[in-house]
Amino acid sequence: MAWQWELVDDLPAFPAVVLSDHLGWAGSWVVTIAVLAGVFAISTVVQKRRVPPPAGVVPSARGLVRVIRGSWPLWVGALVLAALGAAVLIVSGGAWGITSAFGLWGAKFLQWIGLHPENWAFWQQPSQAKMLAGPVLADKTTLTDLGIMFGAAIAAAAGGAWTLHRRIPAGTALAAVLGGIVMGIGARLAGGCNIGAYLAGIASGSLHGWIWGLAALGGTWLGLKARPFFGLTNPVPRDSIC
């Protein structure tokens with residue numbers, strides 16, 4: 001999207017809506033928690049009516065070693081994610097993001113092979129130009145992305161789940177590539193992915209985070225419908241395990 005930024009730079013947009021501007025931070029927090037509780041309640045009811053196949057039991061260690069080897073309860077993971085998101089905000093001064101670093105890495109690679117992405121309209125914006133002119137490791141999103149990848153690798157190794165898939169079906173590979181491209185374009189259009197736009201948006205009381213979530217539900221539905229075209233199956237109630 002950085003290459004064709006001028007095509008989407010001036011799309012129609014609504015004014016920004018931040019709950020704290022209208023309800024204060026306390027009111028914004030109360031409304032957000034209430035809506036999240038409502039989403040949880042509705043999801044629980046829908047799940048029971050759909051009769052999905054049971055989820056597989058995740059292997060878990062016992063005692064203190066579980067902290068390292070896993071698996072963690074969902075509520076612990078949620079609290080850790082919240083704490084990490086707050087830590088990123090405090091340390092860097094900005095919300096936790098993911099996908100902006102991918103564009104930077106791509107632009108740096110193009111410069112390395114002799115091309116000039118710095119002449120694109122996207123990279124001529126002052127903040128983006130400063131990012132491109134600086135070292136990659138000076139970018140906070142790059143650092144958090146590297147932390148996620150190394151952290152995931154260490155956690156997988158500690159939990160005995162590290163594996164190298166040598167044979168990936170062609171349909172799976174094609175679906176992954178096309179899905180990645182569509183997700184990347186969507187993340188740039190939405191100003192972020194499920195972390196930068198969705199999680200950080202809702203956490204900051206911005207209405208765009210909720211809009212992102214609704215759009216993601218629609219995209220998920222379309223993705224499920226498209227899976228059979230790539231030889232991929234969807235869970236059905238008669239499955240023994242999901």
Side-chain angles (χ1 to χ4, degrees), residues 32-33 35-62 66 68-82 84-85 96 98-99 102 145 148-149 151-187 189-190 192-203 209-242:
T32 299
I33 294 299
V35 174
L36 288 174
V39 170
F40 175 78
I42 294 173
S43 300
T44 302
V45 172
V46 171
Q47 182 179 15
K48 290 181 178 179
R49 291 183 177 180
R50 294 285 184 176
V51 193
V57 178
V58 180
S60 298
R62 295 186 178 182
R66 186 178 182 183
I68 299 175
R69 294 186 61 86
S71 66
W72 293 0
L74 289 177
W75 66 270
V76 173
L79 291 178
V80 171
L81 283 175
L84 289 174
W96 188 2
I98 300 291
T99 54
F102 302 155
D145 285 359
I148 290 171
M149 289 186 286
I154 293 172
W162 179 277
T163 183
L164 180 62
H165 295 279
R166 301 180 182 277
R167 294 182 179 180
I168 301 176
T172 301
L174 179 60
V177 172
L178 294 179
I181 292 174
V182 173
M183 289 172 64
I185 294 174
L189 290 175
C193 61
N194 60 318
I195 299 298
Y198 180 53
L199 178 62
I202 291 178
W210 295 105
I211 296 175
W212 193 103
L214 292 175
L217 288 176
T220 300
W221 183 84
L222 291 174
L224 291 173
K225 295 297 182 182
R227 283 175 60 87
F229 292 102
F230 300 94
L232 304 172
T233 60
N234 292 317
V236 294
R238 63 177 178 272
D239 290 344
S240 60
I241 196 171
C242 181

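Values below: every heavy atom of this structure, side chains too, minus hydrogens, waters and symmetry copies.
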Open item on the list: Tell me whether Leu74 at atom CG has more than 12 heavy atoms from other residues, nucleotides or ligands lying less than 6.0 Å away.
Closed with: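 No, CG of Leu74 has 12 or fewer neighbouring heavy atoms, counting only those of other groups under 6.0 Å.
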
Task: Criterion side-chain contact (heavy atoms from CB on, under 4.5 Å) on Leu36 and Phe40, from CA distance to verdict - done: CA-CA 6 Å; Leu36 288 174; Phe40 175 78; over 6 Å; no

Task: Set of residues satisfying side-chain contact (heavy atoms from CB on, under 4.5 Å) with respect to Val39, sequence neighbours excluded - done: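 For Val39 the side-chain contact (heavy atoms from CB on, under 4.5 Å) partners, ignoring immediate neighbours, are Val35, Ser43, Trp210.
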
I need the [X] [atom1] to [Y] [atom2] distance, nearest 0.5 Å.
X: Ile148; Y: Ile98; atom1: CD1; atom2: CD1; answer: 3.5 Å
X: Leu232; Y: Leu174; atom1: CG; atom2: CG; answer: 9.5 Å
X: Leu224; Y: Thr233; atom1: CG; atom2: OG1; answer: 11.0 Å

Task: side-chain hydrogen bond (donor to acceptor under 3.5 Å, both in side chains) partners for Thr32, two or more places apart - done: none

Task: Thr172: partners by side-chain hydrogen bond (donor to acceptor under 3.5 Å, both in side chains), with sequence neighbours left out - done: none

Task: Any side-chain heavy-atom pair of Asn194 and Leu199 under 4.5 Å - done: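 In short, these two side chains do not touch, never coming nearer than 4.5 Å.
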
TODO: Please report the closest heavy-atom contact between Ala190 and Ala197, naming both atoms and the distance.
DONE: O-CB, 4.0 Å

Donor-acceptor pairs under 3.5 angstrom involving side-chain atoms of residues 155-171: please list them, not counting sequence neighbours.
none

TODO: Hey, could you give me each pair passing side chain to side chain donor-acceptor pair (under 3.5 Å) that has a residue in residues 69-81? Not counting sequence neighbours.
DONE: Ser60-Ser71

- [ ] Sequence neighbours left out, what pairs pass side chain to side chain donor-acceptor pair (under 3.5 Å) with at least one residue falling in residues 211-232?
- [x]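 Only Arg227-Asn234 qualify under side chain to side chain donor-acceptor pair (under 3.5 Å).
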
